[in-house]
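Protein chains get the first letters and strands the later ones, always in sequence-line order, with residue 1 at the start of each.
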Amino acid sequence: SQKIEQNSEALNIQEGKTATLTCNYTNYSPAYLQWYRQDPGRGPVFLLLIRENEKEKRKERLKVTFDTTLKQSLFHITASQPADSATYLCALDVTGGSYIPTFGRGTSLIVHP
Amino acid sequence: DGGITQSPKYLFRKEGQNVTLSCEQNLNHDAMYWYRQDPGQGLRLIYYSQIVNDFQKGDIAEGYSVSREKKESFPLTVTSAQKNPTAFYLCASSILGTDQPQHFGDGTRLSIL
């Protein structure tokens, strides 16, 4: 079956460390993948987009990689801060060109001071 | 500031009652969407619209209805036919086109009395 997998267990790390979140997918060939941040009781906020022909994208302390062979995207937050604590969602187009992404369940990140 | 406004933030429905959730955007986006989010679940697409007076069913449209009479507005009605309406409802908008990020409102939490 087709699915998007994000670790359902919360990721706990110490402030200052690099957080790495994983998004795996099966049976898709997405043209792009997006990452969003969602705080409790709020709507998701778009962070980064990476396209199928891009290996890596950076924005400030954020870095996203996209490996279409492994069918995996990694989302890194360097020098993490307690304010980075949130749920992070990946989203991708399951039909390879759709403008409506399909969202994963998200992974909760908790950064301890 | 441009953005998406959802109201009310909390809504309670009695058995057999229809309720309408409001979504307004001033981003001049053509596309608008409604998602449902349950605890531990990804966002599931209910309805979407690419243009005024036109909309399409998403993955879980049964028990819901929408209208798109104005570009700025995309209200969602949760009908009495929706037997399990308790959830967090999110409205989003985007520029029409592949890989465009979605801009979300802050959601409406619907509960059953």
- Query: Would a distance-only check, ignoring hydrogens and angles, find a side-chain to backbone donor-acceptor pair under 3.5 Å from B/Q41 to A/R105?
  - Reply: no

- Query: With the 4.5 Å side-chain cut-off for hydrophobic clustering, are A/L11 and A/Y88 part of the same group?
  - Reply: yes

- With only heavy atoms counted, which part of B/Q102 is less than 4.5 Å from chain A, the side chain, the backbone, both or neither? both

- Message: Between B/I95 and chain A, with a heavy-atom cut-off of 4.5 Å, which part of the residue counts as in contact: side chain, backbone, both or neither?
- Response: neither

- Query: A/I100 versus B/Y48: any side-chain heavy-atom pair under 4.5 Å?
  - Reply: yes

- So which part of A/Q6 gets closer than 4.5 Å to some heavy atom of chain B, the side chain, the backbone, both or neither? neither

- Message: So for atom CZ, which belongs to A/R42, do other residues, nucleotides or ligands contribute more than 12 heavy atoms lying within a distance under 6.0 Å?
- Response: no

- Under a 4.5 Å cut-off applied to non-hydrogen side-chain atoms, are A/P44 and B/L90 in contact? yes

- Query: Are B/I4 and B/F104 connected, step by step, through hydrophobic side chains (Ile, Leu, Val, Met, Phe, Trp, Tyr) whose heavy atoms are closer than 4.5 Å?
  - Reply: no

- Task: Determine whether B/F88 and B/I60 fall in the same hydrophobic cluster, where Ile, Leu, Val, Met, Phe, Trp and Tyr are linked whenever their side-chain heavy atoms lie under 4.5 Å apart.
- Result: no

- Message: Any non-hydrogen side-chain atom of B/P101 less than 4.5 Å from a side-chain atom of A/L47?
- Response: no

- Message: For the interface with chain B, which of A/G41, A/S108, A/S8 has the highest count of heavy-atom pairs at distances below 4.5 Å?
- Response: A/G41

- Item | Note, B/L45 side chain near A/T102 side chain (heavy atom, < 4.5 Å) | no

- Check whether B/Q37 gets within reach of chain A through its side chain, its backbone, both or neither, counting any heavy atom under 4.5 Å. side chain

- Roughly how far, to the nearest 0.5 Å, is CG of A/D39 from CG of B/D106? 9.5 Å

- Query: Is it the case that one hydrophobic cluster holds both B/F55 and B/Y33, taking links as side-chain heavy atoms less than 4.5 Å apart, direct or via other members?
  - Reply: no

- Message: Is it the case that over 12 heavy atoms from other parts of the model lie below 6.0 angstrom from the CD1 atom of B/I51?
- Response: no

- Message: Would you say that more than 12 heavy atoms from the other residues, nucleotides or ligands in this model lie under 6.0 Å from the NZ of B/K57, or not?
- Response: no

- Run the ring-centre check on A/F103 versus B/Y35 and record whether the distance is less than 6.0 Å. yes

- Query: Should we say atom CD of B/Q56 is surrounded by more than 12 heavy atoms from elsewhere, each under 6.0 Å from it?
  - Reply: yes

- What one should report as the nearest heavy-atom pair of B/D99 and A/Q34 is O-NE2, 3.2 Å

- Message: Quick check: is A/I13 connected to A/L74 through a chain of hydrophobic side chains (ILVMFWY, heavy atoms under 4.5 Å apart)?
- Response: no

- Message: Please classify the contact between B/A31 and chain A as side chain, backbone, both or neither, with a heavy-atom cut-off of under 4.5 Å.
- Response: side chain

